[in-house]
Amino acid sequence: MLTVLHTLANVAGLVGKPSTTPTSVPANSNARIQEALSNLSVIRKIILVENLPESQEQIALRHLDQLLDQLSVNALAQLSSSQVQEVASSLIASSSSASSAAELTQILTTVRSYVKTTTTVTTTKTVTKVTQDDDNDSLTGSEGPSSAVTVVDELDQLTLSLRSNLSIGIQNEAEAVQLTSGNLAVEHVAYALSDLVFVYPSTSAHSYLGQSSENWSKAGLSNATGSALAPQVLKMSTRTNAASAVHGAVTSAASKNSSISTLASSAAIVTMVPNLYQIAQANTPVVFHVAAESVDSDLNVLRGDYSDVLVARETGLLYLASNSVQEAYDVSILAHAVASGTRQSVIHILDGVKTSHQVEAIKTVRDQDAAAFIRQEQQKYTLSHDEGSLVSGIEDIFEHAESLLGRRYRAFEYTGPKDAETVVVVFGPAYNVAKDLGDKVGVLNIRLYRPWSFSHFLKAIPTSAKSVVVVEPVSSTSAHGPVFLDVSASFNLWTGAHRPIVVDAKYGLFGHSLTQGWLKALVHQATATAGKLDLAAIVATEEPAQSDVKQAIFWETESSAPVSAHVAKHLQSALGHRIQHSSAVNSYRHQPVIETRLQFSKSNSIVFAESAQADYALVHDLSLLAEFNIVDSLKHGAVLVLNAPWSVEELESKTSAAFRFALGAKQIQVLLIDLIHVAKELGLAGAGKVLLGQVTFFKTFASNLREAAFEQLDRQYETSNIKVLKDLVCTLVERVDKEVIEVPQNPNWLAIELGEADQAALALPKRVSPTIRSSVDAFTSTAVSHATPVPEEGEVALGKTSNWHQAAWQLLFSEAYDTKKQLSDDGHSYLVKITENRRLTPTTYDRNVFHLEFDTTNTGLKYEIGDALGIHGWNDTEEVLDFIKFYGEKPETIVVAPRPVPKNAPEGTLPLYQTNSLFQVLQQTSDLFGRPSKRFYADLIPFAANEAEKERLAFLISAEGAAEFKDRVDETLTHADILREFPSAHPSIPQLIAMIPAIKPRHYSIASSMKAHPNSVHLLIVAVEWTAPSGKARFGQCTRYLTSLGVGDNVTVSIKPSVMTLPPLPHQPVIMAGLGTGMAPFRAFIQERAWQKAQGIEVGPMILYFGSRNRANEYLYGEELEAYHADGLLTHLRLAFSRDQKEKIYIQHKMNEDGALLHKYLLDSSLNGHFYLCGPTWPAGDVKDAIVQSFMDGEDCAAIDANRIVNKLKEEERYVLEVY
Ligand SMILES: Cc1cc2nc3c(=O)[nH]c(=O)nc-3n(C[C@H](O)[C@H](O)[C@H](O)COP(=O)(O)OP(=O)(O)OC[C@H]3O[C@@H](n4cnc5c(N)ncnc54)[C@H](O)[C@@H]3O)c2cc1C
């Protein structure tokens, strides 16, 4: 037994930990959850390999679940390997009796006692903090809100962050209502019911079906198939015959009794067709869950286009479709049951654009119950001889599933009057809008598309039908779609009196979107014209509102706080509403735009329909008013909240006539609030801004939600100081009340006469059309980038019965759903957030030297003393837009360009291609405002259409033009300048991009020690600006970018190791000479030594020679330096302010004064000091002279010998220069 335990512990990575002492808690919350999961996985495995009788095993596992209800992630994470084994053994022992509450309590007490021993340090810290807080503000005692300032000051200390319970996922509970997305619902079922899962990721979507299961498998989460091991999840690439591996698994003996799932994109299915024929013939139950999406030639995503998945419709596989998150969950279970019950492989299609990412509260069942149902259907298997009996068999399975799922599905589902004259046939998402289409209109939804049973189809059509309208997405007008062909063929067998006409109603053409209003107008036209459709002429009718359902639209950009997701979660969990939340993201804009629609209802029976009309909209970014027809989506009398620093008068003067006319026509209630100003005044960032947005929503939404909403709002946030947080909510409620400006209805708006120019404003897009490279998901990018503080014992219990699910989703929250941005280099870059950007020199002073701090929490960024940080700077937005305009292009033009092949890539590596908007490429990648080489001039020559320009370009790069070329370099002309100067030379965009080199990262010495600042990195930077000989102001590319950034902005960075390392031994003397920003690495040195000293390590002397122009303006970090000097850490602080006195004093002068000291520290072999110079190049010679002089004096030697000693020190890396 011991061997087994040891092996298991080894597998889980527990060996190597002390076997009895509890492990230290990993600081990072993800690491902690990972550790907890790993321990949990080992406990489960130990129980499973014990080979207990099944009932006893169930009890042990149930006890484990109960135990986890009472334990925090923290506690579980800290168990040592022997403690893990003890817990497992106790649980095994407890399984011999079902009612062993006392034993369980005993196990719990034991585990807590393990944990207590280790948490002392953390707890003491917390207690101290609370005591201090108590002293200041009697946090637990006093009533009544503190002043706003106090609240915010304290909040800063609280590291307010969003609670990880915002994550979505399904717990394994009976009859639960849970918030989840379509993808997660499907993955959960596939993972729970399979032993082997193949994942074929979508190449276009930012998160794909199957992404989470990879992580669950890595974390060792077991499933409900009864296997002792976690399912195996294999990530595959999509290429020709992609499903060979699946076919191999189907036919291999090893996986004969395994249940197999495939999670794929529709693009993957296209490549699998040859294999699918083989798989179909193998008569083996494989389930393919497919997230369907299609992309048009402009890379826009097409809604509900299943044409890619349908290419496999003749392979012999069964096809099932689901149209909502609830259905995706149910049909996933049905797909597995049908596969097992018929011994056939099944394709389950869900809408990969909408349902995949939509978040909804759904009813779920226990995984074990689903698994038992599938086993039961497998046992009932009888061979079907024809399609009709196969479909009847499948319908029987649907019927049996009703008691499990609570819903009844059929092959063809008809809803509507029995005497309908028109029947609309839909397959896929059209079903969601096919509601209330008129009297005598019914809807037939195709649930089981293959095998197509003529008899079942015709039986579902009322005999009264005169016309059957097939609504199907197509990309061209010329051909009929596959569903239309199946439907038409079926009517050849019609036996009724009057055979209905079959109408082919294609959608996806003429720019129409699939709305209820459009479908209603289509049906109306089809009946009025006896099926002769003129699709181009259909004008969508006004949509009927769904009673009991409220809809709010959030117009956000990538930089907005993710308010809608938090509002949704709060409505669902705290206020008991049913919700549906979906976002469309368009990233072909310099700031990706996100339109989020949130529908909610108190009614339990409501089925959300897609509806264009909202009761409320909150516009976070005013620039969107000029790009979208925002009023169009609002109901008459709806509320529109604008995050604007405007008065009522400014609204009149700053918005378009068309906008105001629309407000008047719909009698929209406009509210103004300057959220940016409020956040700034209260010092709110990150989660604080989200909270402000939530309060604004609940305050301004016209309903009786308000008061109830504020109760418990704080529950979404993680803090140890709940009272302060509650006070903050009160403050925000009061503040929002005070700040909101109600704009009175202006009767003049209706009298506005719209001119031709206003027509363009009315024709603005009404909705955001999603792009495949969407980089933001409003629900899931829920600001987890904020540090999650270590939860204290009991603060975050692992959750309900199936805690491993809960924990897994908590773990995955940031990984699976966090915005995945492709950083700009080959994988060594990090995205970090600015937490401080502070000017150190007075604003009246002509030089801007500033201090930057970045938060590195959870980024994986690590640095050593002396490393430099590479900053991947962007070009200036205005300049880029100006240039694009000059060049006659549009910012959103799509550019597909090769990425540079990494230097260390094997020979022959082909470049990866990336798709971006032109704006993104010119802002982020191309060095458009950098210095053009002669090569660039030469490359332009063939493009110059004008002969004079051609000749001039040739002259400038010739020997005769050398002097003029030099003047141009002095003028610091840029690529953009040259293109403007020679307008007839107009390479195409791809050619231009190939001609201009990429922006190079700039490096900055890191001015902090990671020991002192484990979660941040600091820089000291001087803004580079100069005036060209022509008088034009010029700016350094990277420093201009950095000065424009504020707190909260993200920056891509990388690490460059350097020679500026501290001496190997802490007692070796350190001599530092720095000019201006050359001070940066020395600040890091000093912090590192201060940290060493604080640990009780004896540290050697440190001399700092710091030089700058004058003390008043450029004594960088003066106060810190004085403090270190007073403390004795900085043994010598030598300042040289060159302009503070008549004669110039530089650092070399100060060094000359210390000749004997330098000689001793550097050449005394018992000391072995190191010397460093950092900053601009120019003092390097004088500084070296000072050292040489000190050696000549100290050694009594000639200059040549002293120079030799310096060279030797250089070789030994004890004389180090970093000059730039
Ligand atoms: C290891 C290392 C550490 C460093 N540490 C620091 C530090 O701690 N703090 C700090 O402030 N800096 C530091 N630097 C310098 C920093 O990397 C940058 O060089 C500096 O900030 C300027 O970058 P920029 O993009 O703003 O200017 P750039 O755009 O690169 O311009 C810099 C100079 O290039 C020339 N130039 C620019 N455009 C043109 C043109 N079109 N034609 C001709 N000439 C042109 C100009 O002379 C200009 O002054 C360090 C450098 C290195 C190598």
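All figures in this text were calculated on a predicted structure; none of them were measured in a lab. The figures here come from the full heavy-atom set of this structure, side chains too, leaving out hydrogens, waters and symmetry mates. Just follow the structure's listing: the first ligand is 1, and inside any ligand the first atom is 1.
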side-chain hydrogen bond (donor to acceptor under 3.5 Å, both in side chains) between R1109 and S1138, intermediate numbers included: CA-CA 5 Å; R1109 285 187 194 161; S1138 60; over 6 Å; no

Does R980 CZ have over 12 foreign heavy atoms under 6.0 Å away? yes

Check whether any N or O atom of E1218, backbone or side chain, sits under 3.5 Å from an N or O atom of ligand 1, and answer yes or no. no

Judged by heavy atoms only, the candidate from R1040, H1003, K1056 nearest atom 17 (O) of ligand 1 is H1003

Could you tell me whether the side chains of Y863 and S1008 share a donor-acceptor contact shorter than 3.5 Å? yes

Could you say whether the N/O atoms of V1024 and ligand 1 ever approach to under 3.5 Å? no

Quiz question: by atom type and distance under 3.5 Å, do the side chains of Y1105 and H1132 form a donor-acceptor pair? no

How does L1019 reach ligand 1, if at all, at less than 4.0 Å between non-hydrogen atoms: by side chain, backbone, both, or neither? neither

Would you please say whether a donor-acceptor pair under 3.5 Å links the side chains of R1083 and Y1124? no

State whether a side-chain donor-acceptor pair under 3.5 Å links S1030 with E971. yes

If you scan protein heavy atoms around atom 53 (C) of ligand 1, the nearest is Y1220 CB, 4.1 Å

Region of Y1004 engaging ligand 1 - heavy atom pairs below 4.0 Å: both

Region of W1026 engaging ligand 1 - heavy atom pairs below 4.0 Å: side chain

Ignoring hydrogens and geometry beyond distance, is a side-chain donor-acceptor pair present between S1009 and E1088 at under 3.5 Å? yes

Do Y1161 and Q1068 have side-chain N/O donor and acceptor atoms under 3.5 Å apart? no

What are the atoms of ligand 1, with element, lying closer than 4.0 Å to any heavy atom of R1002? 17 (O), 23 (O), 24 (P), 25 (O), 28 (P), 29 (O), 30 (O)

For atom 29 (O) of ligand 1, what is the closest protein heavy atom, and at what distance to 0.1 Å? Q1037 N, 2.8 Å

Contacting atoms of ligand 1, where contact means under 4.0 angstrom from a heavy atom of L973: 40 (C), 41 (N), 42 (N)

Quick one: does A1080 get an N or O within less than 3.5 Å of an N or O on ligand 1? no

I'd like to know whether NZ of K1210 has more than 12 heavy-atom contacts from other residues, nucleotides or ligands below 6.0 angstrom. yes

Is S1005 in polar range of ligand 1, meaning some N or O pair under 3.5 Å apart? yes

Please report whether ligand 1 has a polar contact with L1020, defined as an N or O pair separated by less than 3.5 Å (distance criterion only). yes

Does L1042 have a heavy atom less than 4.0 Å from any atom of ligand 1? no

